There are 2 protein chains.
Amino acid sequence: MSETLTVVSSHKSFGGWLKRYRHKSSTLGCDMTFAIYLPPKTARGEQVPALYWLSGLSCTDENFSQKAGAQRLAAELGIALVIPDTSPRGKDVPGDPDGAWDFGHGAGFYLNATREPWSRHYRMHDYVVHELPALVEKTFPVNGKRGISGHSMGGHGALVCALRNPGRYLSVSAFAPISNPMNCPWGEKAFSRYLGPDRATWREWDACALIAGATEKLPLLVDQGDADDFLASQLLPEALERAAAAAGHPLTLRRQPGYDHGYYFVSSFIDDHLRHHAQALLG
Amino acid sequence: MSETLTVVSSHKSFGGWLKRYRHKSSTLGCDMTFAIYLPPKTARGEQVPALYWLSGLSCTDENFSQKAGAQRLAAELGIALVIPDTSPRGKDVPGDPDGAWDFGHGAGFYLNATREPWSRHYRMHDYVVHELPALVEKTFPVNGKRGISGHSMGGHGALVCALRNPGRYLSVSAFAPISNPMNCPWGEKAFSRYLGPDRATWREWDACALIAGATEKLPLLVDQGDADDFLASQLLPEALERAAAAAGHPLTLRRQPGYDHGYYFVSSFIDDHLRHHAQALLG
(Lines give C-alpha, C1' and ligand atoms only; values in the text may rest on other atoms or scores of the structure.)
Protein backbone atom coordinates (compact mmCIF):
# COMPACT_ATOMS: atom_id res chain seq x y z
CA MET A 1 0.00 0.00 0.00
CA SER A 2 1.25 3.43 -0.85
CA GLU A 3 1.37 5.60 2.22
CA THR A 4 1.55 8.97 0.55
CA LEU A 5 -1.43 11.13 1.33
CA THR A 6 -1.84 14.46 -0.41
CA VAL A 7 -4.07 17.03 1.27
CA VAL A 8 -6.69 18.27 -1.18
CA SER A 9 -8.47 20.64 1.20
CA SER A 10 -8.98 21.32 4.86
CA HIS A 11 -11.88 23.16 6.48
CA LYS A 12 -12.55 23.81 10.12
CA SER A 13 -16.06 22.62 10.93
CA PHE A 14 -17.82 22.56 14.33
CA GLY A 15 -14.51 22.85 16.14
CA GLY A 16 -12.99 19.90 14.25
CA TRP A 17 -11.56 19.52 10.77
CA LEU A 18 -12.95 18.19 7.53
CA LYS A 19 -10.00 17.11 5.43
CA ARG A 20 -9.88 15.66 1.92
CA TYR A 21 -6.96 13.52 0.84
CA ARG A 22 -5.78 11.97 -2.37
CA HIS A 23 -3.80 8.72 -2.38
CA LYS A 24 -2.79 5.93 -4.70
CA SER A 25 -4.96 2.88 -4.02
CA SER A 26 -3.25 -0.43 -4.66
CA THR A 27 -6.60 -2.23 -4.42
CA LEU A 28 -8.21 -0.11 -7.11
CA GLY A 29 -5.15 0.66 -9.21
CA CYS A 30 -5.86 4.37 -9.38
CA ASP A 31 -5.70 7.57 -7.37
CA MET A 32 -8.59 8.02 -4.95
CA THR A 33 -9.97 10.93 -2.97
CA PHE A 34 -11.60 10.50 0.41
CA ALA A 35 -12.68 12.84 3.21
CA ILE A 36 -12.37 12.46 6.95
CA TYR A 37 -14.02 14.56 9.62
CA LEU A 38 -11.99 14.66 12.82
CA PRO A 39 -14.05 15.85 15.81
CA PRO A 40 -12.60 18.42 18.24
CA LYS A 41 -11.51 15.92 20.86
CA THR A 42 -8.93 14.44 18.46
CA ALA A 43 -7.06 17.74 18.71
CA ARG A 44 -6.75 17.07 22.44
CA GLY A 45 -4.99 13.78 21.73
CA GLU A 46 -7.99 11.48 22.12
CA GLN A 47 -8.65 8.55 19.80
CA VAL A 48 -12.20 8.19 18.52
CA PRO A 49 -14.27 5.57 16.70
CA ALA A 50 -15.03 6.03 13.00
CA LEU A 51 -18.27 5.89 11.07
CA TYR A 52 -17.74 4.98 7.41
CA TRP A 53 -20.23 6.58 5.04
CA LEU A 54 -20.87 5.12 1.59
CA SER A 55 -22.55 7.43 -0.90
CA GLY A 56 -24.99 6.74 -3.69
CA LEU A 57 -24.92 6.59 -7.48
CA SER A 58 -23.16 9.53 -9.15
CA CYS A 59 -21.95 10.95 -5.82
CA THR A 60 -18.46 11.67 -4.55
CA ASP A 61 -17.42 12.20 -0.92
CA GLU A 62 -18.58 15.81 -1.19
CA ASN A 63 -22.33 15.20 -1.27
CA PHE A 64 -22.33 13.86 2.28
CA SER A 65 -19.73 16.33 3.60
CA GLN A 66 -21.61 19.33 2.26
CA LYS A 67 -25.25 18.33 2.57
CA ALA A 68 -25.87 15.82 5.37
CA GLY A 69 -25.11 18.08 8.32
CA ALA A 70 -23.47 15.17 10.17
CA GLN A 71 -20.49 17.12 11.51
CA ARG A 72 -22.52 18.93 14.19
CA LEU A 73 -23.46 15.83 16.16
CA ALA A 74 -20.29 13.90 15.22
CA ALA A 75 -18.33 16.74 16.83
CA GLU A 76 -20.47 16.58 19.96
CA LEU A 77 -20.38 12.78 20.25
CA GLY A 78 -16.72 12.44 19.33
CA ILE A 79 -17.00 10.24 16.24
CA ALA A 80 -14.85 10.53 13.11
CA LEU A 81 -16.56 10.33 9.72
CA VAL A 82 -14.72 8.58 6.89
CA ILE A 83 -16.18 9.26 3.47
CA PRO A 84 -14.78 7.42 0.43
CA ASP A 85 -15.62 8.05 -3.21
CA THR A 86 -18.17 5.78 -4.91
CA SER A 87 -15.93 4.08 -7.49
CA PRO A 88 -12.48 4.00 -8.96
CA ARG A 89 -11.91 6.94 -11.30
CA GLY A 90 -9.53 8.31 -13.86
CA LYS A 91 -8.80 8.05 -17.54
CA ASP A 92 -7.34 4.55 -17.16
CA VAL A 93 -10.46 3.24 -15.41
CA PRO A 94 -13.13 2.03 -17.86
CA GLY A 95 -16.57 3.54 -17.36
CA ASP A 96 -19.98 2.90 -18.79
CA PRO A 97 -19.66 2.43 -22.57
CA ASP A 98 -22.66 4.68 -23.11
CA GLY A 99 -21.68 7.25 -20.49
CA ALA A 100 -24.59 6.30 -18.23
CA TRP A 101 -24.54 7.50 -14.61
CA ASP A 102 -25.71 4.20 -13.10
CA PHE A 103 -22.69 2.10 -14.03
CA GLY A 104 -18.91 2.57 -13.92
CA HIS A 105 -17.54 5.88 -12.65
CA GLY A 106 -19.57 6.92 -9.62
CA ALA A 107 -21.29 3.53 -9.54
CA GLY A 108 -18.88 0.93 -8.16
CA PHE A 109 -21.62 -0.81 -6.11
CA TYR A 110 -19.12 -1.66 -3.33
CA LEU A 111 -18.34 -5.10 -4.74
CA ASN A 112 -15.29 -6.85 -6.16
CA ALA A 113 -15.81 -7.25 -9.90
CA THR A 114 -14.83 -10.57 -11.41
CA ARG A 115 -15.29 -9.87 -15.12
CA GLU A 116 -13.08 -8.09 -17.61
CA PRO A 117 -12.62 -5.21 -18.15
CA TRP A 118 -14.02 -4.28 -14.72
CA SER A 119 -12.11 -6.66 -12.44
CA ARG A 120 -8.82 -4.75 -12.58
CA HIS A 121 -10.17 -1.58 -10.93
CA TYR A 122 -13.66 -2.18 -9.60
CA ARG A 123 -12.85 -3.63 -6.17
CA MET A 124 -14.63 -1.13 -3.97
CA HIS A 125 -15.53 -3.75 -1.34
CA ASP A 126 -11.90 -4.49 -0.57
CA TYR A 127 -11.01 -0.81 -0.73
CA VAL A 128 -13.74 0.25 1.68
CA VAL A 129 -13.46 -2.73 4.05
CA HIS A 130 -9.69 -3.25 4.09
CA GLU A 131 -7.38 -0.75 2.38
CA LEU A 132 -9.04 2.48 3.49
CA PRO A 133 -9.53 1.50 7.16
CA ALA A 134 -5.93 0.28 7.36
CA LEU A 135 -4.73 3.60 5.98
CA VAL A 136 -7.06 5.62 8.21
CA GLU A 137 -6.17 3.69 11.34
CA LYS A 138 -2.45 4.09 10.71
CA THR A 139 -2.69 7.79 9.94
CA PHE A 140 -5.39 9.39 12.08
CA PRO A 141 -6.36 9.33 15.78
CA VAL A 142 -9.04 6.64 15.43
CA ASN A 143 -9.31 3.69 17.76
CA GLY A 144 -10.29 0.89 15.38
CA LYS A 145 -13.96 0.78 16.38
CA ARG A 146 -15.96 1.02 13.14
CA GLY A 147 -19.54 1.64 12.15
CA ILE A 148 -20.84 1.80 8.61
CA SER A 149 -23.75 3.59 6.96
CA GLY A 150 -24.71 4.89 3.57
CA HIS A 151 -27.36 6.09 1.17
CA SER A 152 -29.02 4.33 -1.76
CA MET A 153 -26.23 2.38 -3.54
CA GLY A 154 -24.19 3.21 -0.43
CA GLY A 155 -26.94 1.86 1.81
CA HIS A 156 -26.63 -1.41 -0.11
CA GLY A 157 -22.87 -1.13 0.36
CA ALA A 158 -23.15 -0.59 4.11
CA LEU A 159 -25.49 -3.55 4.62
CA VAL A 160 -23.36 -5.85 2.45
CA CYS A 161 -20.03 -4.80 3.99
CA ALA A 162 -21.40 -5.48 7.47
CA LEU A 163 -23.14 -8.75 6.58
CA ARG A 164 -20.07 -10.14 4.75
CA ASN A 165 -17.57 -9.23 7.45
CA PRO A 166 -18.70 -10.30 10.92
CA GLY A 167 -16.65 -8.72 13.66
CA ARG A 168 -15.44 -5.86 11.50
CA TYR A 169 -18.18 -3.33 12.35
CA LEU A 170 -19.90 -2.63 15.63
CA SER A 171 -22.90 -0.94 14.03
CA VAL A 172 -24.64 -0.56 10.69
CA SER A 173 -27.45 1.53 9.24
CA ALA A 174 -28.74 2.69 5.88
CA PHE A 175 -30.81 5.38 4.22
CA ALA A 176 -33.03 4.26 1.32
CA PRO A 177 -30.75 1.33 0.47
CA ILE A 178 -30.90 -0.67 -2.74
CA SER A 179 -32.03 -3.55 -0.59
CA ASN A 180 -32.26 -6.35 -3.10
CA PRO A 181 -30.03 -5.42 -6.06
CA MET A 182 -30.39 -8.85 -7.69
CA ASN A 183 -33.99 -8.00 -8.37
CA CYS A 184 -33.94 -4.36 -9.47
CA PRO A 185 -32.81 -2.69 -12.70
CA TRP A 186 -29.85 -0.78 -11.20
CA GLY A 187 -28.50 -3.92 -9.55
CA GLU A 188 -29.16 -6.20 -12.51
CA LYS A 189 -27.29 -3.87 -14.85
CA ALA A 190 -24.32 -3.56 -12.49
CA PHE A 191 -24.12 -7.18 -11.36
CA SER A 192 -24.48 -8.63 -14.87
CA ARG A 193 -21.49 -6.59 -16.00
CA TYR A 194 -19.26 -6.61 -12.90
CA LEU A 195 -20.00 -10.27 -12.04
CA GLY A 196 -21.25 -11.86 -15.25
CA PRO A 197 -24.49 -13.64 -16.06
CA ASP A 198 -24.41 -16.34 -13.36
CA ARG A 199 -26.93 -15.06 -10.86
CA ALA A 200 -25.67 -17.47 -8.20
CA THR A 201 -22.57 -15.27 -7.84
CA TRP A 202 -24.77 -12.22 -7.34
CA ARG A 203 -26.04 -13.57 -4.01
CA GLU A 204 -22.73 -12.71 -2.35
CA TRP A 205 -23.48 -9.02 -2.92
CA ASP A 206 -27.15 -8.83 -2.09
CA ALA A 207 -28.23 -7.91 1.45
CA CYS A 208 -31.42 -9.97 1.23
CA ALA A 209 -29.49 -13.07 0.19
CA LEU A 210 -26.68 -12.52 2.69
CA ILE A 211 -28.97 -11.98 5.63
CA ALA A 212 -30.18 -15.60 5.45
CA GLY A 213 -26.71 -16.90 6.28
CA ALA A 214 -25.45 -14.11 8.54
CA THR A 215 -23.66 -15.46 11.61
CA GLU A 216 -23.58 -12.05 13.28
CA LYS A 217 -26.86 -10.29 13.82
CA LEU A 218 -26.02 -6.60 14.16
CA PRO A 219 -29.27 -4.65 14.48
CA LEU A 220 -30.07 -2.86 11.23
CA LEU A 221 -31.50 0.65 11.30
CA VAL A 222 -32.99 1.63 7.94
CA ASP A 223 -34.84 4.84 7.06
CA GLN A 224 -36.89 5.02 3.88
CA GLY A 225 -38.90 7.96 2.60
CA ASP A 226 -42.33 7.00 1.33
CA ALA A 227 -42.24 9.71 -1.38
CA ASP A 228 -38.98 8.33 -2.80
CA ASP A 229 -39.25 8.08 -6.59
CA PHE A 230 -37.12 4.92 -6.58
CA LEU A 231 -38.98 3.12 -3.82
CA ALA A 232 -41.04 0.61 -5.78
CA SER A 233 -38.72 0.10 -8.75
CA GLN A 234 -35.23 -0.01 -7.27
CA LEU A 235 -35.09 0.00 -3.47
CA LEU A 236 -37.49 -2.79 -2.44
CA PRO A 237 -37.39 -2.40 1.34
CA GLU A 238 -40.15 -4.98 1.72
CA ALA A 239 -37.72 -7.63 0.41
CA LEU A 240 -35.32 -6.69 3.21
CA GLU A 241 -38.16 -6.85 5.69
CA ARG A 242 -39.09 -10.36 4.53
CA ALA A 243 -35.48 -11.57 4.55
CA ALA A 244 -34.83 -10.19 8.04
CA ALA A 245 -38.06 -11.69 9.39
CA ALA A 246 -37.25 -15.09 7.89
CA ALA A 247 -33.74 -15.05 9.37
CA GLY A 248 -34.70 -13.57 12.71
CA HIS A 249 -32.34 -10.68 11.98
CA PRO A 250 -33.13 -7.52 13.98
CA LEU A 251 -34.31 -4.78 11.60
CA THR A 252 -35.83 -1.41 12.38
CA LEU A 253 -37.25 -0.14 9.10
CA ARG A 254 -38.79 3.29 9.45
CA ARG A 255 -41.01 4.54 6.63
CA GLN A 256 -40.80 8.33 6.76
CA PRO A 257 -43.91 9.97 5.36
CA GLY A 258 -43.38 12.62 2.66
CA TYR A 259 -39.60 12.25 2.36
CA ASP A 260 -37.92 11.75 -1.01
CA HIS A 261 -34.59 10.20 -2.03
CA GLY A 262 -32.25 13.18 -1.57
CA TYR A 263 -30.04 14.70 1.06
CA TYR A 264 -32.90 16.74 2.55
CA PHE A 265 -34.16 13.33 3.66
CA VAL A 266 -30.74 12.14 4.83
CA SER A 267 -30.03 15.31 6.82
CA SER A 268 -33.42 15.09 8.54
CA PHE A 269 -32.54 11.73 10.12
CA ILE A 270 -28.74 11.67 10.24
CA ASP A 271 -28.76 12.52 13.94
CA ASP A 272 -30.81 9.42 14.72
CA HIS A 273 -28.29 7.31 12.82
CA LEU A 274 -25.32 8.91 14.53
CA ARG A 275 -26.91 8.12 17.91
CA HIS A 276 -27.59 4.54 16.79
CA HIS A 277 -23.90 4.15 15.91
CA ALA A 278 -22.75 5.99 19.03
CA GLN A 279 -24.52 3.45 21.22
CA ALA A 280 -22.31 0.69 19.81
CA LEU A 281 -19.15 2.70 19.18
CA LEU A 282 -19.06 4.60 22.46
CA GLY A 283 -21.29 2.52 24.73
CA MET B 1 -46.82 42.67 -9.01
CA SER B 2 -47.44 39.40 -10.74
CA GLU B 3 -48.89 36.92 -8.33
CA THR B 4 -48.17 33.75 -10.22
CA LEU B 5 -45.82 31.44 -8.40
CA THR B 6 -44.54 28.32 -10.12
CA VAL B 7 -43.29 25.51 -7.92
CA VAL B 8 -39.77 24.49 -8.99
CA SER B 9 -39.25 21.81 -6.36
CA SER B 10 -40.49 20.68 -2.98
CA HIS B 11 -38.61 18.59 -0.41
CA LYS B 12 -39.69 17.50 3.02
CA SER B 13 -36.99 18.49 5.50
CA PHE B 14 -37.02 18.11 9.29
CA GLY B 15 -40.78 17.71 9.32
CA GLY B 16 -41.31 20.90 7.30
CA TRP B 17 -40.99 21.72 3.62
CA LEU B 18 -38.30 23.38 1.57
CA LYS B 19 -39.96 24.78 -1.52
CA ARG B 20 -38.49 26.63 -4.48
CA TYR B 21 -40.61 28.95 -6.53
CA ARG B 22 -40.23 30.91 -9.72
CA HIS B 23 -42.07 34.19 -10.28
CA LYS B 24 -41.98 37.26 -12.46
CA SER B 25 -40.45 40.12 -10.50
CA SER B 26 -41.77 43.54 -11.48
CA THR B 27 -38.98 45.22 -9.51
CA LEU B 28 -36.24 43.39 -11.37
CA GLY B 29 -37.96 42.95 -14.71
CA CYS B 30 -37.12 39.26 -14.97
CA ASP B 31 -38.09 35.84 -13.65
CA MET B 32 -36.65 35.04 -10.23
CA THR B 33 -36.27 31.89 -8.19
CA PHE B 34 -36.41 31.86 -4.41
CA ALA B 35 -36.70 29.20 -1.72
CA ILE B 36 -38.71 29.14 1.45
CA TYR B 37 -38.43 26.71 4.34
CA LEU B 38 -41.70 26.28 6.18
CA PRO B 39 -41.25 24.70 9.63
CA PRO B 40 -43.59 21.91 10.78
CA LYS B 41 -45.84 24.13 12.86
CA THR B 42 -47.05 25.95 9.74
CA ALA B 43 -48.73 22.69 8.71
CA ARG B 44 -50.76 22.93 11.91
CA GLY B 45 -52.08 26.32 10.85
CA GLU B 46 -49.67 28.48 12.86
CA GLN B 47 -48.09 31.64 11.48
CA VAL B 48 -44.36 32.04 12.03
CA PRO B 49 -41.77 34.80 11.70
CA ALA B 50 -39.36 34.74 8.74
CA LEU B 51 -35.60 35.02 8.58
CA TYR B 52 -34.41 36.36 5.23
CA TRP B 53 -31.04 34.97 4.12
CA LEU B 54 -28.91 36.81 1.56
CA SER B 55 -26.20 34.76 -0.12
CA GLY B 56 -22.77 35.69 -1.34
CA LEU B 57 -21.09 36.30 -4.69
CA SER B 58 -21.77 33.62 -7.32
CA CYS B 59 -24.35 31.86 -5.12
CA THR B 60 -28.01 31.10 -5.70
CA ASP B 61 -30.58 30.18 -3.07
CA GLU B 62 -29.33 26.59 -3.19
CA ASN B 63 -26.00 27.10 -1.42
CA PHE B 64 -27.70 28.01 1.83
CA SER B 65 -30.53 25.49 1.50
CA GLN B 66 -28.15 22.60 0.84
CA LYS B 67 -25.11 23.45 2.94
CA ALA B 68 -25.93 25.60 5.96
CA GLY B 69 -27.91 23.04 7.94
CA ALA B 70 -30.30 25.74 9.12
CA GLN B 71 -33.49 23.75 8.69
CA ARG B 72 -32.91 21.59 11.78
CA LEU B 73 -33.09 24.41 14.31
CA ALA B 74 -35.50 26.52 12.23
CA ALA B 75 -37.91 23.57 12.42
CA GLU B 76 -37.47 23.31 16.16
CA LEU B 77 -37.79 27.05 16.81
CA GLY B 78 -40.61 27.58 14.34
CA ILE B 79 -39.00 30.13 12.02
CA ALA B 80 -39.44 30.26 8.24
CA LEU B 81 -36.36 30.82 6.09
CA VAL B 82 -36.72 32.94 2.94
CA ILE B 83 -33.82 32.62 0.54
CA PRO B 84 -33.70 34.84 -2.56
CA ASP B 85 -31.25 34.61 -5.44
CA THR B 86 -28.27 36.99 -5.50
CA SER B 87 -29.10 39.03 -8.58
CA PRO B 88 -31.47 39.38 -11.48
CA ARG B 89 -30.80 36.74 -14.14
CA GLY B 90 -31.65 35.74 -17.65
CA LYS B 91 -30.60 36.44 -21.18
CA ASP B 92 -32.18 39.90 -21.13
CA VAL B 93 -30.28 40.93 -18.00
CA PRO B 94 -26.82 42.34 -18.76
CA GLY B 95 -23.97 40.67 -16.90
CA ASP B 96 -20.29 41.39 -16.48
CA PRO B 97 -18.85 42.31 -19.89
CA ASP B 98 -15.86 40.05 -19.22
CA GLY B 99 -17.88 37.22 -17.68
CA ALA B 100 -16.39 37.81 -14.22
CA TRP B 101 -18.09 36.22 -11.22
CA ASP B 102 -17.84 39.28 -8.96
CA PHE B 103 -20.15 41.57 -10.95
CA GLY B 104 -23.52 41.20 -12.67
CA HIS B 105 -25.23 37.80 -12.57
CA GLY B 106 -24.81 36.35 -9.09
CA ALA B 107 -23.43 39.66 -7.83
CA GLY B 108 -26.26 42.15 -7.44
CA PHE B 109 -24.86 43.58 -4.17
CA TYR B 110 -28.39 44.15 -2.80
CA LEU B 111 -28.51 47.78 -4.00
CA ASN B 112 -30.62 49.76 -6.46
CA ALA B 113 -28.42 50.56 -9.45
CA THR B 114 -28.70 54.08 -10.86
CA ARG B 115 -26.55 53.79 -13.99
CA GLU B 116 -27.26 52.36 -17.40
CA PRO B 117 -27.34 49.58 -18.41
CA TRP B 118 -27.68 48.23 -14.87
CA SER B 119 -30.49 50.37 -13.48
CA ARG B 120 -33.26 48.58 -15.36
CA HIS B 121 -32.77 45.21 -13.63
CA TYR B 122 -30.31 45.56 -10.75
CA ARG B 123 -32.67 46.63 -7.97
CA MET B 124 -32.04 43.83 -5.50
CA HIS B 125 -32.55 46.11 -2.49
CA ASP B 126 -36.13 46.86 -3.40
CA TYR B 127 -36.74 43.25 -4.37
CA VAL B 128 -35.41 41.85 -1.10
CA VAL B 129 -36.85 44.53 1.18
CA HIS B 130 -40.22 45.16 -0.49
CA GLU B 131 -41.39 42.94 -3.34
CA LEU B 132 -40.35 39.55 -1.97
CA PRO B 133 -41.65 40.09 1.60
CA ALA B 134 -44.97 41.39 0.23
CA LEU B 135 -45.28 38.27 -1.92
CA VAL B 136 -44.21 35.94 0.89
CA GLU B 137 -46.51 37.54 3.45
CA LYS B 138 -49.48 37.33 1.12
CA THR B 139 -48.81 33.72 0.14
CA PHE B 140 -47.37 31.80 3.08
CA PRO B 141 -48.22 31.40 6.78
CA VAL B 142 -45.77 34.04 8.03
CA ASN B 143 -46.72 36.69 10.53
CA GLY B 144 -44.80 39.71 9.23
CA LYS B 145 -42.04 39.59 11.83
CA ARG B 146 -38.76 39.66 9.88
CA GLY B 147 -35.10 39.07 10.61
CA ILE B 148 -32.29 39.29 8.08
CA SER B 149 -28.91 37.64 7.78
CA GLY B 150 -26.44 36.71 5.10
CA HIS B 151 -22.95 35.71 4.09
CA SER B 152 -20.17 37.76 2.49
CA MET B 153 -21.89 39.97 -0.13
CA GLY B 154 -25.09 38.82 1.56
CA GLY B 155 -23.73 39.85 4.96
CA HIS B 156 -23.23 43.31 3.50
CA GLY B 157 -26.76 43.10 2.13
CA ALA B 158 -28.25 42.12 5.49
CA LEU B 159 -26.51 44.93 7.36
CA VAL B 160 -27.45 47.52 4.73
CA CYS B 161 -31.08 46.40 4.42
CA ALA B 162 -31.50 46.62 8.20
CA LEU B 163 -29.65 49.94 8.58
CA ARG B 164 -31.53 51.62 5.72
CA ASN B 165 -34.97 50.46 6.83
CA PRO B 166 -35.62 51.09 10.51
CA GLY B 167 -38.66 49.24 11.78
CA ARG B 168 -38.65 46.72 8.97
CA TYR B 169 -36.56 44.02 10.72
CA LEU B 170 -36.54 42.90 14.32
CA SER B 171 -33.09 41.32 14.12
CA VAL B 172 -29.98 41.28 11.96
CA SER B 173 -26.76 39.30 11.75
CA ALA B 174 -24.01 38.50 9.26
CA PHE B 175 -21.32 35.96 8.44
CA ALA B 176 -18.05 37.35 7.08
CA PRO B 177 -19.77 40.42 5.60
CA ILE B 178 -18.19 42.76 3.08
CA SER B 179 -18.29 45.35 5.83
CA ASN B 180 -17.01 48.43 4.05
CA PRO B 181 -17.57 47.90 0.32
CA MET B 182 -16.60 51.51 -0.56
CA ASN B 183 -13.07 50.62 0.42
CA CYS B 184 -12.49 47.13 -0.98
CA PRO B 185 -11.95 45.87 -4.54
CA TRP B 186 -15.22 43.88 -4.82
CA GLY B 187 -17.24 46.87 -3.63
CA GLU B 188 -15.37 49.45 -5.66
CA LYS B 189 -15.87 47.44 -8.84
CA ALA B 190 -19.58 46.96 -8.19
CA PHE B 191 -20.40 50.44 -6.88
CA SER B 192 -18.48 52.27 -9.63
CA ARG B 193 -20.55 50.46 -12.25
CA TYR B 194 -23.95 50.19 -10.56
CA LEU B 195 -23.81 53.69 -9.04
CA GLY B 196 -21.26 55.60 -11.10
CA PRO B 197 -18.07 57.38 -10.10
CA ASP B 198 -19.48 59.74 -7.44
CA ARG B 199 -18.37 58.10 -4.21
CA ALA B 200 -20.79 60.24 -2.19
CA THR B 201 -23.63 58.09 -3.57
CA TRP B 202 -21.83 54.93 -2.46
CA ARG B 203 -22.30 55.84 1.19
CA GLU B 204 -25.97 54.91 1.01
CA TRP B 205 -24.94 51.30 0.44
CA ASP B 206 -22.06 50.92 2.85
CA ALA B 207 -22.73 49.56 6.37
CA CYS B 208 -19.86 51.54 7.89
CA ALA B 209 -21.18 54.80 6.42
CA LEU B 210 -24.81 54.03 7.26
CA ILE B 211 -24.14 53.08 10.85
CA ALA B 212 -23.10 56.64 11.68
CA GLY B 213 -26.59 57.96 10.94
CA ALA B 214 -28.66 54.97 11.98
CA THR B 215 -31.71 55.99 14.01
CA GLU B 216 -32.47 52.41 15.04
CA LYS B 217 -29.76 50.51 16.85
CA LEU B 218 -30.55 46.83 16.33
CA PRO B 219 -27.78 44.78 17.91
CA LEU B 220 -25.50 43.34 15.21
CA LEU B 221 -24.16 39.79 15.54
CA VAL B 222 -21.25 39.18 13.16
CA ASP B 223 -19.11 36.04 12.89
CA GLN B 224 -15.81 36.19 11.02
CA GLY B 225 -13.33 33.34 10.50
CA ASP B 226 -9.74 34.37 11.10
CA ALA B 227 -8.48 32.00 8.36
CA ASP B 228 -10.75 33.61 5.77
CA ASP B 229 -8.75 34.31 2.58
CA PHE B 230 -10.75 37.50 1.96
CA LEU B 231 -10.45 38.91 5.46
CA ALA B 232 -7.79 41.59 4.98
CA SER B 233 -8.47 42.48 1.36
CA GLN B 234 -12.26 42.50 1.04
CA LEU B 235 -14.14 42.07 4.32
CA LEU B 236 -12.57 44.66 6.66
CA PRO B 237 -14.42 43.83 9.89
CA GLU B 238 -12.23 46.27 11.80
CA ALA B 239 -13.84 49.12 9.82
CA LEU B 240 -17.24 47.93 11.05
CA GLU B 241 -15.89 47.72 14.57
CA ARG B 242 -14.63 51.32 14.40
CA ALA B 243 -17.87 52.61 12.88
CA ALA B 244 -20.02 50.85 15.48
CA ALA B 245 -17.84 52.08 18.33
CA ALA B 246 -17.96 55.67 17.02
CA ALA B 247 -21.75 55.56 16.69
CA GLY B 248 -22.41 53.66 19.91
CA HIS B 249 -24.07 50.94 17.85
CA PRO B 250 -24.20 47.55 19.61
CA LEU B 251 -21.99 45.08 17.74
CA THR B 252 -20.90 41.59 18.76
CA LEU B 253 -18.06 40.69 16.37
CA ARG B 254 -16.76 37.19 16.99
CA ARG B 255 -13.46 36.22 15.39
CA GLN B 256 -13.60 32.45 14.97
CA PRO B 257 -10.14 30.90 15.00
CA GLY B 258 -9.27 28.61 12.10
CA TYR B 259 -12.48 29.11 10.11
CA ASP B 260 -12.42 30.05 6.42
CA HIS B 261 -14.94 31.79 4.16
CA GLY B 262 -17.11 28.84 3.15
CA TYR B 263 -20.28 27.09 4.24
CA TYR B 264 -18.39 24.81 6.65
CA PHE B 265 -17.88 28.04 8.61
CA VAL B 266 -21.49 29.18 8.19
CA SER B 267 -22.94 25.82 9.22
CA SER B 268 -20.75 25.75 12.35
CA PHE B 269 -22.36 28.91 13.71
CA ILE B 270 -25.78 29.08 12.05
CA ASP B 271 -27.46 27.80 15.21
CA ASP B 272 -26.09 30.74 17.21
CA HIS B 273 -27.50 33.13 14.62
CA LEU B 274 -30.88 31.41 14.55
CA ARG B 275 -31.07 31.76 18.34
CA HIS B 276 -30.05 35.43 18.08
CA HIS B 277 -32.91 36.02 15.66
CA ALA B 278 -35.34 33.86 17.63
CA GLN B 279 -34.87 36.09 20.67
CA ALA B 280 -36.23 39.06 18.73
CA LEU B 281 -38.67 37.22 16.48
CA LEU B 282 -40.24 34.96 19.09
CA GLY B 283 -39.38 36.70 22.36
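Throughout, a chain's letter reflects where its sequence line sits, starting with A, and its residues are numbered from 1. Small disclaimer: the values here were computed from a predicted structure and weren't measured.
- Between the side chain of A:Asp260 and the main chain of A:Asp228, no donor-acceptor pair closer than 3.5 Å is present.
- For chain B, the nearby parts of A:Phe14 are the backbone and the side chain; heavy atoms of each come within less than 4.5 Å.
- Side-chain N or O atoms of A:His261 include none that pairs as donor or acceptor with a backbone N or O of A:Ala176 at under 3.5 Å.
- Within 6.0 Å of the CD atom in B:Glu238, the count of heavy atoms belonging to other residues, nucleotides or ligands exceeds 12.
- Both the backbone and the side chain of B:Ser65 come within contact range of chain A, with heavy atoms under 4.5 Å apart.
- Side-chain contact check for B:Ile36 versus B:Val82: some heavy-atom pair is nearer than 4.5 Å.
- Proximity of A:Ser55 to A:His151: side-chain heavy atoms (C-beta onward) are nowhere separated by under 4.5 Å.
- Proximity to chain A is absent for every atom of B:Gln256, based on heavy atoms less than 4.5 angstrom apart.
- Per-residue heavy-atom pair counts under 4.5 Å with chain B were compared for A:Pro257, A:Ala75, A:Gly258, and the maximum is reached by A:Gly258.
- Between chain B and the options A:Ser10, A:Ala68, A:Ser13, A:Gly69, heavy-atom pairs under 4.5 Å are most frequent for A:Ser13.
- For B:Tyr259, the parts lying near chain A are the backbone and the side chain together; criterion is any non-hydrogen pair under 4.5 Å.
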